[in-house]
Amino acid sequence: MPSIFHFAFNVTDLAQARSFYGQTLGCREGRSTDTWVDFDFFGHQISLHLGEPFATARTGRVGDAMVPMPHFGAILELPAWRALADRLAAAGCAFVLPPQVRFKGQPGEQWTMFFLDPFGNPIEFKAFATEDAIYAHQ
């Protein structure tokens, strides 16, 4: 079995979480109880528990942008990233950082987008031209 990342965090409404993560993002739902629900988050496991979400702030400087910290997300293949960006735009997503290319022509060139889930949890999705570019040095 490959290594799979697990991340558990808080949300305030499981029905709203199911709608966002299940329908908007297209994540397959896993196990659940009255107080939490698991999703297959692009090949990784997230567990959404009822509770107060993390406090976040735009304190992470990346290039010219200040991005919300902490945040989580996934790296997708570019066609999947583009399809997700289109799905989010069609759903009326208010992007923190709209879909764009960052570090164009430099090592680590990437397609990125930031948005918040309905509970204020920041999410970033990225794509790279090649797998080697993920860890390229500036």
Side-chain angles (χ1 to χ4, degrees):
M1 179 167 80
S3 296
I4 297 172
F5 187 78
H6 164 79
F7 180 52
F9 57 97
N10 288 335
V11 298
T12 56
D13 183 304
L14 292 181
Q16 192 175 18
R18 282 183 163 103
S19 176
F20 180 77
Y21 286 92
Q23 278 75 54
T24 303
L25 293 185
C27 298
R28 183 176 54 87
E29 186 173 329
R31 297 177 305 129
S32 66
T33 70
D34 292 342
T35 61
W36 58 266
V37 59
D38 286 346
F39 284 96
D40 175 346
F41 185 79
F42 302 86
H44 303 279
Q45 184 192 50
I46 57 172
S47 296
L48 287 59
H49 291 254
L50 287 175
E52 188 62 33
F54 290 122
T56 65
R58 290 179 107 177
T59 59
R61 179 172 297 283
V62 182
D64 294 332
M66 296 300 289
V67 300
M69 298 296 291
H71 64 264
F72 72 100
I75 298 171
L76 306 177
E77 292 183 346
L78 187 54
W81 182 90
R82 286 185 170 133
L84 180 59
D86 290 344
R87 185 166 58 233
L88 289 166
C93 179
F95 291 99
V96 173
L97 188 67
Q100 61 188 267
V101 177
R102 185 165 54 191
F103 308 124
K104 189 165 182 65
Q106 301 176 46
E109 178 179 286
Q110 59 192 258
W111 290 259
T112 186
M113 60 181 145
F114 272 89
F115 53 93
L116 306 177
D117 77 2
F119 317 99
N121 294 305
I123 303 171
E124 177 184 22
F125 279 91
K126 296 181 182 187
F128 293 83
T130 66
E131 193 171 335
D132 291 340
I134 295 171
Y135 299 106
H137 291 14
Q138 296 290 12

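Excluded from the calculations below are hydrogen atoms, water molecules and symmetry mates; all remaining heavy atoms, backbone and side chain alike, are included.
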Pro70 versus Ala55, closest heavy-atom pair with distance: CD-O, 3.7 Å
Can a donor-acceptor pair be found, under 3.5 Å and without considering hydrogens, that links the side chain of Arg28 to the backbone of Asp40? no
Do the ring planes of Phe9 and Phe72 sit parallel (below 30°), tilted (30 to 60°) or perpendicular (above 60°)? tilted
Given side chains that start at C-beta, do those of Val11 and Gln16 come closer than 4.5 Å, heavy atoms only? no
Side chain to side chain, Asn121 and Phe20, heavy atoms closer than 4.5 Å: no
So with a 6.0 Å cut-off around CZ of Phe119, is the heavy-atom count from everything else above 12? yes
Please work out which of the three classes, parallel, tilted or perpendicular, describes the rings of Phe125 and Phe41, given edges at 30° and 60°. tilted
Taking all heavy atoms of Gly108 and all of Ala136, pick out the closest pair and write down the distance. N-CB, 3.5 Å
Please answer: with hydrophobic residues joined when any side-chain heavy atoms are less than 4.5 Å apart, are Ile134 and Phe114 in the same cluster? no
As an exercise, state the distance from CG of Leu48 to CG of Asp13, rounded to the nearest 0.5 Å. 11.0 Å
May I ask whether Val62 and Leu97 are part of the same hydrophobic cluster, defined by side-chain heavy atoms of I, L, V, M, F, W, Y residues being less than 4.5 angstrom apart, directly or through others? yes
So does Ala65 get a backbone contact from the side chain of Arg102, meaning a donor-acceptor N/O pair under 3.5 Å? no
When every non-hydrogen atom of Leu50 is compared with those of Leu14, the smallest separation belongs to CD2-CG, 3.7 Å
pair Leu76-Trp111: side-chain heavy atoms closer than 4.5 Å: no
So do the side chains of Cys93 and Met113 get within less than 4.5 Å of each other, counting heavy atoms only? no
Less than 4.5 Å apart, side chain to side chain, heavy atoms only: is that true for Pro122 and Val96? no
Using 0.5 Å steps for rounding, measure from the CZ atom of Phe5 to the CD1 atom of Ile46. 11.0 Å
Distance check, rounded to the nearest 0.5 Å: Leu78 atom CG versus Arg82 atom CZ? 3.5 Å
Look up atom CE in Met69 and atom OG1 in Thr59, then write down how far apart they are to the nearest 0.5 Å. 5.5 Å
Distance check, rounded to the nearest 0.5 Å: Thr56 atom OG1 versus His71 atom NE2? 11.0 Å
Can you hop from Ile75 to Tyr135 via hydrophobic side chains spaced under 4.5 Å? yes
Same cluster (ILVMFWY, side-chain, under 4.5 Å), Phe42 and Leu116: no
Compare every heavy atom of Thr12 with every heavy atom of Pro53, then report the nearest pair and how far apart it is. CD-CG2, 3.9 Å
Under the side-chain contact (heavy atoms from CB on, under 4.5 Å) criterion, do Val67 and Glu124 qualify, and how do the steps go? CA-CA 9 Å; Val67 300; Glu124 177 184 22; over 6 Å; no
Determine the minimum heavy-atom distance between Gly26 and Arg87, stating which atoms define it. N-NH2, 4.4 Å
Less than 4.5 Å apart, any side-chain heavy atom of Gln100 and any of Thr112? yes
Close side-chain approach of Phe39 to Leu25, heavy-atom, < 4.5 Å: no
Gap between atom OH of Tyr21 and atom CG of Asp38 - 0.5 Å precision: 13.0 Å
Closest non-hydrogen atom pair between Gly63 and Arg61, with its separation: O-CG, 3.6 Å
